[in-house]
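Read through the structure below, which is laid out as structure tokens, and then see the notes.
This one's a predicted model, so the numbers in the text were calculated from it and none came from an experiment. Worth knowing before you read on, the calculation uses all heavy atoms, side chains too, and leaves out hydrogens, waters and symmetry mates.
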Amino acid sequence: MLRLLFLCVLLGGTLAAHPLDDRAFMTSELSLLPGGGMELAVEFRYNDVLASYTEFGNGLDRNRDGCVTRGECNTRLLEVADLLAFSVQVRVDGSVVTLEAAMERAEFRDLNDATATPDQPGGMPLSSTRIFYRLVFAGTVAPAPGQTRQGEYEFSGLQSVIERPTEQMAIVDARNSTRLKLEAAHGTGPTGFPLARFSWQDVAAPAAAPSGPPQVAAPAPTTALPPAPTALPRLGGLLFGLALALAGLGMGIAGLRGTNGRAGSLLTAALLLLAGAAVLAGALLQPA
């Protein structure tokens with residue numbers, strides 16, 4: 001019995017040192033972002049001033065002077081972010097998505113006084129403060145263009161109270177200008193902690209643009225025509241044939257008049273006449 005009492009005392013301060021309990025109403029929103037981004041925003045709204053005093057004593061007001069400075073606030077937000085990092089898990093297609101705390105976007109406000117801030121001289125007074133925390137975690141999901149993705153969001157904070165799962169574990173598609181709340185199946189996982197299952201369609205990859213200059217189709221080939229003949233070769237043939245014929249005719253006439261070498265002269269003349277006639281015939285038959 002003494003050992004059990006000692007254990008309760010030892011763990012009591014640790015369990016009460018973070019806001020994951022029924023003294024603060026927790027809401028969370030897991031958002032799908034353009035380009036495969038994913039973002040988890042978790043908010044805690046303390047029920048009243050008395051519950052906030054417990055949080056002040058458990059770590060927010062570190063020096064117990066009744067005020068919260070910016071340094072004390074940042075230290076406590078880091079502690080809460082670390083606790084949340086161990087309390088939430090997101091899986092896509094069975095693989096765990098790594099979510100990193102974006103501390104530059106963390107918020108601490110007084111829900112009872114919008115003008116109160118830990119940056120004011122002396123810090124924020126605690127006399128009537130009702131605490132609000134907001135932590136943001138960001139990560140990316142490997143793309144699968146055109147595929148249906150299966151997601152799971154589990155909240156395993158030991159002191160978390162999930163009474164309205166659809167509100168406290170919302171899934172939002174924020175890939176377009178309009179934010180659309182996705183349908184999710186809320187229940188408990190194998191370990192008994194709250195679990196939300198959801199699915200969405202990954203954006204199909206855009207068609208690849210053609211590279212290089214545009215291709216122009218070559219004109220259809222045409223049948224080549226032979227070059228037009230010129231009149232010069234035909235005229236030369238006529239003149240050459242006429243010259244041979246005249247030479248043969250002159251030699252024949254001279255052979256008929258002479259008395260020596262009559263037979264040889266007549267034969268040569270006949271050959272010249274025949275050659276000239278053949279050349280003339282070829283020139284005359286050549287197409288114009």
Count I, L, V, M, F, W, Y as connected when their side-chain heavy atoms are under 4.5 Å apart, and connections chain through other members. Are [X] and [Y] then in the same cluster?
X: L33; Y: V97; value: no
X: L84; Y: L195; value: no
X: M103; Y: V136; value: no

- Could you check whether the rings of Y133 and F44 sit parallel, tilted or perpendicular, using 30° and 60° as the cut-offs?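 The arrangement is perpendicular - the two ring planes meet at more than 60°.
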- Message: Let's go through E29 and R179 carefully: what are the C-alpha distance in whole Å and the side-chain angles of both, what is the deciding distance for salt bridge (charged side-chain N to carboxylate O under 4.0 Å, His left out) to 0.1 Å, and is it a yes or a no?
- Response: CA-CA 12 Å; E29 186 177 270; R179 296 171 58 85; 2.3 Å; yes
Is there side-chain contact between [X] and [Y], with at least one heavy-atom pair below 4.5 Å?
X: L180; Y: V172; answer: no
X: R105; Y: F137; answer: no
X: L77; Y: L135; answer: yes
X: Y46; Y: T54; answer: no
X: T129; Y: M124; answer: yes
X: M26; Y: V42; answer: yes

Distance-only donor-acceptor check, side chains [X] and [Y], under 3.5 Å:
X: T178; Y: N176; result: no
X: S31; Y: E39; result: no
X: S28; Y: Y153; result: yes

With sequence neighbours excluded, what pairs up with [X] under the salt bridge (charged side-chain N to carboxylate O under 4.0 Å, His left out) test?
X: D173; answer: R175
X: R197; answer: E152
X: D202; answer: R149
X: E43; answer: R45, R134

Do you know the tightest heavy-atom contact between [X] and [Y]?
X: C67; Y: P125; result: SG-CA, 4.0 Å
X: P118; Y: F108; result: CG-CD2, 4.1 Å
X: D110; Y: N112; result: OD1-N, 2.9 Å
X: V49; Y: S127; result: CG1-O, 4.0 Å
X: P194; Y: M169; result: CB-SD, 3.7 Å
X: E55; Y: I131; result: CG-CD1, 3.5 Å

- Evaluate side-chain contact (heavy atoms from CB on, under 4.5 Å) for R62 paired with F56, printing each intermediate quantity in order. CA-CA 8 Å; R62 308 190 81 82; F56 288 138; over 6 Å; no
- Message: Let's go through E107 and R109 carefully: what are the C-alpha distance in whole Å and the side-chain angles of both, what is the deciding distance for salt bridge (charged side-chain N to carboxylate O under 4.0 Å, His left out) to 0.1 Å, and is it a yes or a no?
- Response: CA-CA 7 Å; E107 296 180 32; R109 297 201 305 267; 2.5 Å; yes
Rounded to the nearest 0.5 Å, how far does [atom2] of [Y] lie from [atom1] of [X]?
X: Q201; Y: T148; atom1: CD; atom2: OG1; answer: 3.5 Å
X: D48; Y: S128; atom1: CG; atom2: OG; answer: 12.5 Å
X: T75; Y: L60; atom1: OG1; atom2: CG; answer: 10.0 Å
X: L30; Y: L40; atom1: CG; atom2: CG; answer: 5.5 Å
X: N74; Y: T69; atom1: CG; atom2: OG1; answer: 8.5 Å
X: S52; Y: N47; atom1: OG; atom2: CG; answer: 8.5 Å

Is [X] reaching over with its side chain to a backbone N or O of [Y], donor-acceptor style, under 3.5 angstrom?
X: Q120; Y: T117; result: yes
X: S95; Y: R91; result: no
X: S156; Y: F193; result: no
X: Y53; Y: L126; result: yes
X: D61; Y: G57; result: no

- Criterion side-chain contact (heavy atoms from CB on, under 4.5 Å) on Q150 and V92, from CA distance to verdict: CA-CA 6 Å; Q150 302 295 331; V92 173; over 6 Å; no
- Enumerate the residue pairs fulfilling side chain to side chain donor-acceptor pair (under 3.5 Å) with a member in residues 186-195, sequence neighbours excluded, ordered by first and then second residue. E154-T191
- Message: Please evaluate residues V90 and V96 with respect to the criterion side-chain contact (heavy atoms from CB on, under 4.5 Å), reporting the C-alpha separation (whole Å), side-chain torsions for both, the decisive distance (0.1 Å), and the verdict.
- Response: CA-CA 6 Å; V90 177; V96 176; over 6 Å; no
- Message: Who clusters with L111? Use side-chain heavy atoms, under 4.5 angstrom, across I, L, V, M, F, W and Y, and order the result by chain and number.
- Response: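 Hydrophobic cluster check, L111: joined to F132.
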- Taking only Lys NZ, Arg NE, NH1 and NH2, and the carboxylate oxygens of Asp or Glu, determine whether E72 and R70 approach each other closer than 4.0 Å. no
